[in-house]
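Contents: one structure, followed by commentary.
The model shown is predicted, which means the values in this text are computed figures rather than measured ones. Side-chain atoms are counted along with the backbone in the values below, which use heavy atoms only and exclude waters and symmetry mates.
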Amino acid sequence: MAPITSGRDAFDEIPSVVGLVSGFGLVFTVSLFSWICCQRKSAKSNTTPPYKFVHVLKGVDIYPESLNSKKKFGADEKTELAPKSLISKTSLHLDLEKRDLNGNFPKANKVRSSPDLEDFSQPQLPEKDKDSVSPESVKSNASVVSLDKQDKLGTLFFALEYNFEKKAFVVNIKEARSLPAMDEQSMTSDPYIKMTILPEKKHKVKTRVLRKTLDPAFDETFTFYGIPYSQVQDLVLHFIILSFDRFSRDDVIGEVSFPLSGIELSDGRVLMNREINKRNVRKSAGRGELLISLCYQSTTNTLTVVVLKARHLPKAEVSGLSDPYVKVNLYHAKKRISKKKTHVKKCTPNAVFNELFVFDIPCEGLEDISVEFLVMDSDRGSRNEVIGRLILGSSADGTGGEHWKEICEHPRRQIAKWHMLCDG
């Protein structure tokens, strides 16, 4: 007979049975999970990915789920009616069956298309034209273009008006366009405009500075009283366009000279515009002459300088008249120790000064002494320009050295000589 187990022994065997069943369940679950993963992997490799992706091919967005097996891109209603030659250039054929597992297309054939799939073809030169094009011709064309850009300095816009009630001439400086960049670092300018009414130069004004712009809009009005309407035809407006420079001399962009002869202002306001031209510079030849008298007093150790006359001074750029005066600088061992200047003579190329200056000499003799004469053109609205320059001293060339040698050999004698002026 089989042994009879008590109820207590059967109760002790229950945990072992439960553990065995749970172990089999865990193994079955793992096996089922791995089988499901394998099925999903095989299904994913054989079928089209269910998710939506975007493939960007030089601006073309492709949505695979909206395409059939062979879909033409870029063949809209216009291209369908176009000839076959155009369709072959613009249409893009994409075969979805040839894509890889990631949904990308092979890179065997390179396709060129624009974002909007427009027909774009570069003009091709014939073989004869290609042979005729040389690097020299390309350089010449580029140089011509660069010269054209350099010559263009912009355009100035202004308005003219005459107020008969107040007997006043009114000028409104509106704007300037397409100015060149005078600051090479920031590639911009800080423009402002100076205006002078010629030929008398009595009326000089300037606009405010506009920062960092090549198209300044000034819109500033200047009213000049005391100008009869009958004299307006004889006037000339001279505009100088400059760029402000905080650390050095302002850069001159160009100038505009506008004669008022033939301009009728009785009917009201007149709007004008003129191209800005490069500013004229005085020619180096023909700077004029200066008559100077010198006398050295050895007993008092002083030098007397008399500025007598100037003649044949060059004309101003626009008005044809200069307002000359003379600056006299005394140098000792190349260091300026004293300076004087004459009065301004208005509107004349042949000025008579007759002004005397006495300089104290800090050393015995005139070996280390020299005198510099600068003939200037007075301009109240801007910096004065140098018309010509003259140096008298022991190391000076030409008549300057000869004149100096004579006063050293003949002290207490007043000796006068004409001297040619050179570039300033």
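- Not one N or O on the side chain of Asp360 forms a donor-acceptor pair closer than 3.5 Å with the backbone of Thr302.
- Between the Thr188 side chain and the Thr213 main chain, a donor and an acceptor come within less than 3.5 Å of each other.
- The pair Asp215-Arg177 fails the salt-bridge criterion, with no side-chain N (NZ, NE, NH1 or NH2) lying under 4.0 Å from an Asp/Glu carboxylate O.
- Without hydrogens or angle criteria, Glu385 side chain to Met376 main chain gives no donor-acceptor distance under 3.5 Å.
- A donor-acceptor distance shorter than 3.5 angstrom exists from the side chain of His410 to the backbone of Glu406, with no hydrogens or angles considered.
- Arg311 meets the side chain to side chain contact (heavy atoms under 4.5 Å, CB included) test with Glu289, Asn350, Trp418; sequence neighbours excluded.
- Side-chain contact check for Thr155 versus Ile276: every heavy-atom pair is 4.5 Å or farther apart.
- The OG atom of Ser261 lies 10.0 Å from the CG atom of Leu235; values are rounded to the nearest 0.5 Å.
- A donor-acceptor pair under 3.5 Å is formed between the side chain of Gln233 and the backbone N or O of Ile263.
- Residues in residues 206-234 take part in these ring-ring contact (aromatic ring centres under 6.0 Å, His included) pairs, two or more places apart or across chains: Tyr162-Tyr229, Phe164-Tyr229, His203-Phe224.
- Interatomic distance, CE of Met182 versus CG of Asp190, reported as 11.0 Å (0.5 Å rounding).
- Every residue two or more places apart in sequence or in another chain that forms a ring-ring contact (aromatic ring centres under 6.0 Å, His included) with Phe158 is listed here: Phe239, Phe258.
- Taken from SG in Cys363 to NE2 in His332, the straight-line distance is 3.5 Å, to the nearest 0.5 Å.
- Nearest heavy-atom pair, Val270 versus Glu264, reported as atom, atom and distance to 0.1 Å: CG2-O, 3.6 Å.
- Note that CD of Glu255 and CG of Leu153 are 10.5 Å apart. Values are rounded to the nearest 0.5 Å.
- Every pair tested for ring-ring contact (aromatic ring centres under 6.0 Å, His included) that includes a residue from residues 337-376 fails, sequence neighbours excluded, so the list is empty.
- Under the salt bridge (charged side-chain N to carboxylate O under 4.0 Å, His left out) criterion, Arg274 pairs with no residue, sequence neighbours left out.
- Looking at heavy atoms from C-beta onward, Cys295 lies out of side-chain contact with Ile407 at the 4.5 angstrom threshold.
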Distance-only check: which donor-acceptor pairs under 3.5 Å involve side-chain atoms of residues 323-330, not counting sequence neighbours?
unit_1, atom_1, unit_2, atom_2, d
Asp323, OD1, Cys347, N, 2.7
Tyr325, OH, Asn384, ND2, 2.9
Asn329, ND2, Glu372, OE1, 3.0

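- Within the 3.5 Å criterion, the main-chain N or O of Lys194 finds no donor-acceptor partner in the side chain of His238.
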